[in-house]
Amino acid sequence: MRYLVVLSLLVLAACSPDAAKPVANPAASAQPDVAGASPSPTVLDVATGASCPASATPAVTEGPYFKAGSPNRTSLVEASVVGTRLTLTGHVFSANCTPVLGAVLDFWQADGNGQYDNAGYRLRGHQQTTADGSFHLDTVVPGLYPGRTEHIHVKVTAPGRSTLTTQLFFPNSTSNSRDSIFLPALLVKLSGPANALSASYDFRVA
């Protein structure tokens, strides 16, 4: 009789709906799906609503037209400046993705005809980031000159850090592929109507 009871229990277990389910492996289920996983390219900063880049902003050459002593201003637009109006905004983040207050951004660029002012300070200026690490620059879209694509030069100096010298580029420019300095990581995000464009770029300084 005892053997019949044991046999009956085994038959019932085999017929149970859960009998066909594999035993879960907690260690295996805790592992990410590596094949389908893709790391986030940015880290969202809740305070600013901006995304800190996944890696440090690359440095590129200063070029021959930098001039120290630019005026402190957030608008480079003057009556004599040629070019399509452009508003450039963004943030400066530290290496650990904290917004940087008081970082100095020094901008210089060509006008819409590809001309630099090397005698004065037209289309040159510097400013400091606000408490949330943000900056705002009113300028124009720079024009082409031989050997280069459209670009804006900038030096970013965060308090207590060395200066990052780099350049910002524009998407969909046919000259990007021919420019030896161009880097995709330095492309701004562009939006707005053709006669009043908006661009944005977030820096991450080491």
Could you tell me if the side chain of T57 sits less than 4.5 Å from the side chain of Y201, heavy atoms only? yes
Distance col, row C52:SG vs D202:CG, nearest 0.5 angstrom, shows 8.0 Å
Notebook entry, point to check: Between T129 and V100, is there a donor-acceptor pair closer than 3.5 Å when you use the side chain of the first and the backbone of the second?
Noted result: yes
When clusters are formed by joining ILVMFWY residues with side-chain heavy atoms under 4.5 Å apart, either directly or through shared neighbours, do V104 and L123 land in the same one?
no
- Please confirm whether the backbone N or O of P53 pairs with a side-chain atom of R204, one donor and one acceptor, at under 3.5 Å? yes
Residues passing the salt bridge (Lys or Arg N to Asp or Glu O under 4.0 Å) test with R178, sequence neighbours excluded, are none
Smallest heavy-atom separation, T166 atom then P58 atom, equals OG1-O, 2.8 Å
Would you say L101 ends up clustered with L164 if hydrophobic residues are merged whenever their side chains have heavy atoms under 4.5 Å apart, either directly or through other cluster members? no
TODO: Find out if a path of hydrophobic residues (ILVMFWY) with successive side-chain heavy-atom gaps under 4.5 Å connects F93 to V188.
DONE: no
_I want to check something: taking the side chain as every heavy atom from C-beta on, are L197 and R85 in contact at a cut-off of under 4.5 Å?_
no
Worksheet item: Taking everything shown except K67 itself, do over 12 heavy atoms lie less than 6.0 Å from its NZ?
Response: yes
Query raised in the report: Distance-only, no hydrogens or angles: does the D111 side chain make a donor-acceptor pair with backbone N or O of V82 under 3.5 Å?
Result: no
Side-chain heavy atoms of L86 within contact of I152, under 4.5 Å
yes
Contacts of D106 meeting salt bridge (Lys or Arg N to Asp or Glu O under 4.0 Å) (sequence neighbours excluded), chain-then-number -> none
Would you say L168 and F182 are hydrophobically clustered, going by side-chain heavy atoms of ILVMFWY under 4.5 Å? yes
### Message
I'd like to know if the side chain of N118 pairs up with that of R124 as donor and acceptor (distance under 3.5 Å, no hydrogens or angles considered).
### Response
yes
Query raised in the report: So W108 and H153, would you call those rings parallel, tilted or perpendicular, with 30° and 60° as cut-offs?
Result: parallel
Subject >> Non-hydrogen side-chain atoms of V60 and T165 separated by less than 4.5 Å >> reply: no
Applied to residues 71-80, the side-chain hydrogen bond (donor to acceptor under 3.5 Å, both in side chains) test, sequence neighbours excluded, yields N72-Q128, R73-E78
Side chain proximity check, F135 to T130, heavy atoms < 4.5 angstrom
no
Here the gap from H91 atom NE2 to S134 atom OG, rounded to the nearest 0.5 Å, amounts to 5.0 Å
Would Y116 end up clustered with F170 when hydrophobic side chains under 4.5 Å apart are linked, directly or stepwise? no
Open item on the list: Quick one, T89 with H136, criterion side chain to side chain donor-acceptor pair (under 3.5 Å). Give me CA distance, side-chain angles, the key distance, then yes/no.
Closed with: CA-CA 5 Å; T89 59; H136 180 115; 5.9 Å; no
Heavy-atom closest pair (L76 atom, F107 atom, distance to 0.1 Å) is CD1-CB, 4.5 Å
Heavy-atom nearest pair, P171 first then L190, reads CG-CB, 4.0 Å
For T87, the side-chain hydrogen bond (donor to acceptor under 3.5 Å, both in side chains) test, sequence neighbours excluded, returns D138
Closest non-hydrogen atoms of D132 and P99, given as atom of the first, atom of the second and distance, are O-CB, 3.3 Å
- Query: Considering only heavy atoms from C-beta outward, does the side chain of H126 approach that of L105 to under 4.5 Å?
  - Reply: no
Heavy-atom closest pair (S70 atom, G125 atom, distance to 0.1 Å) is OG-C, 3.5 Å
Sorted by chain and number, sequence neighbours left out, side-chain hydrogen bond (donor to acceptor under 3.5 Å, both in side chains) with E62 holds for K155
Let me have the donor-acceptor pairs involving side chains of residues 139-150, under 3.5 Å, with sequence neighbours excluded, atom names and distances please.
residue	atom	partner	partner atom	Å
T139	OG1	Q109	OE1	2.7
R148	NE	D179	OD1	3.3
R148	NE	D179	OD2	2.7
R148	NH1	H151	NE2	3.4
R148	NH1	Q167	OE1	3.3
R148	NH2	Q167	OE1	2.8
R148	NH2	D179	OD2	3.3
T149	OG1	S173	OG	3.1
T149	OG1	N176	OD1	2.9
E150	OE1	S173	OG	2.6

Rounded to the nearest 0.5 angstrom, the CZ-CG distance for F169 and L187 is 8.0 Å
T84 and A196 have their tightest heavy-atom pair at CG2-N, 4.4 Å
